[in-house]
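What follows is one structure encoded as structure tokens, with my remarks underneath.
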Amino acid sequence: MADKPDNAAQAALAASVRRPVDFAFLDIAGAPMRVTNAPYDITFTGTGDEDLDGFTFEALDPRFVSVGDVKLSEKGADTVTLKLSGLASIDDETMNEIGDRQRWQGRDARLWKGMLDPKTLSQLGAVWCYHTGVMAVPRVLGSAESQVIELDVEGYLAWFTQASNRTYLTQSDFDPGDQSAALAIAIANGAGKKA
């Protein structure tokens with residue numbers, strides 16, 4: 001699996017008419033999501049990437065899924081925003097998966113790009129991974145008629161180094177038996193001190 005376009009993909013990128021497509025893997029516990037904005041489902045074999053090989057990426061209408069720009073700097077990649085359809089009754093399964101924070105928060109999200117022949121829509125060259133990060137806070141925007149889910153994918157460096165108002169005080173949301181936050185607050189407030 002490449003981390004940059006191979007020769008065939010580079011030639012397609014240099015062409016005057018291009019047809020790039022994106023592939024996204026969201027590691028939602030129990031229901032991993034693999035989608036593409038290609039015009040047909042694509043199953044990968046022989047790439048050497050365990051997140052690709054043997055898996056089918058479901059084609060979604062590009063009007064209902066999009067990937068924001070990926071910006072790189074010395075501090076790593078900026079947060080990338082994914083938009084998915086979130087219509088009531090049509091996307092209930094996705095809405096339920098996103099609604100359960102324990103199933104996605106802090107888990108991997110990976111993005112690949114590939115090239116298709118603009119006339120035949122056949123794949124040109126290998127796909128390459130252009131962003132890997134972890135899923136952060138989703139937002140549901142719009143109305144029942146045109147609702148979308150915006151999901152931020154933070155680069156690993158941002159996840160570990162930038163403050164984003166995360167706290168361990170909500171640990172019991174993920175593990176109901178974890179009472180460390182209550183203990184820490186009690187200690188900070190002087191509970192247990194003898195007079």
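Every value quoted in this text rests on a predicted model; they were computed, and no experiment measured them.
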I want to check something: taking the side chain as every heavy atom from C-beta on, are [X] and [Y] in contact at a cut-off of under 4.5 Å?
| X | Y | value |
| --- | --- | --- |
| Leu121 | Arg19 | yes |
| Leu52 | Val127 | yes |
| Met33 | Phe25 | no |
| Glu58 | Thr56 | no |

In Å and rounded to the nearest 0.5 Å, what is the [atom1] to [atom2] distance from [X] to [Y]?
| X | Y | atom1 | atom2 | result |
| --- | --- | --- | --- | --- |
| Trp112 | Trp128 | CH2 | CH2 | 13.5 Å |
| Leu111 | Phe23 | CG | CZ | 11.5 Å |
| Asp108 | Met135 | CG | CE | 7.5 Å |

(message) Looking at Asp53 and Gly48, would you say the former's side chain and the latter's main chain have a donor-acceptor pair under 3.5 Å?
(response) yes

(message) Could you check whether any side-chain N or O of Gln123 sits under 3.5 Å from a backbone N or O of Gly125, counting only pairs where one atom can act as donor and the other as acceptor?
(response) yes

(request) Output all residues satisfying side chain to side chain contact (heavy atoms under 4.5 Å, CB included) with Phe55, sequence neighbours left out; order by chain, then residue number. (result) Arg34, Phe57

(message) If only side-chain N and O atoms count, and only distance matters, is there a donor-acceptor pair under 3.5 Å linking Ser122 with Asp117?
(response) no

Tell me the closest heavy-atom pair linking [X] and [Y], and the distance in Å.
| X | Y | result |
| --- | --- | --- |
| Leu26 | Ala109 | CD2-CB, 3.8 Å |
| Ala59 | Ala38 | CB-O, 3.4 Å |
| Pro20 | Lys113 | CB-CD, 4.2 Å |

(request) Please name the residue in the list Asp27, Asp22, Asp51 that meets the salt bridge (Lys or Arg N to Asp or Glu O under 4.0 Å) test with Arg110. (result) Asp51

(request) Go through Leu116 and Leu124 one step at a time and tell me if the side-chain contact (heavy atoms from CB on, under 4.5 Å) criterion holds. (result) CA-CA 5 Å; Leu116 301 182; Leu124 298 172; 6.0 Å; no

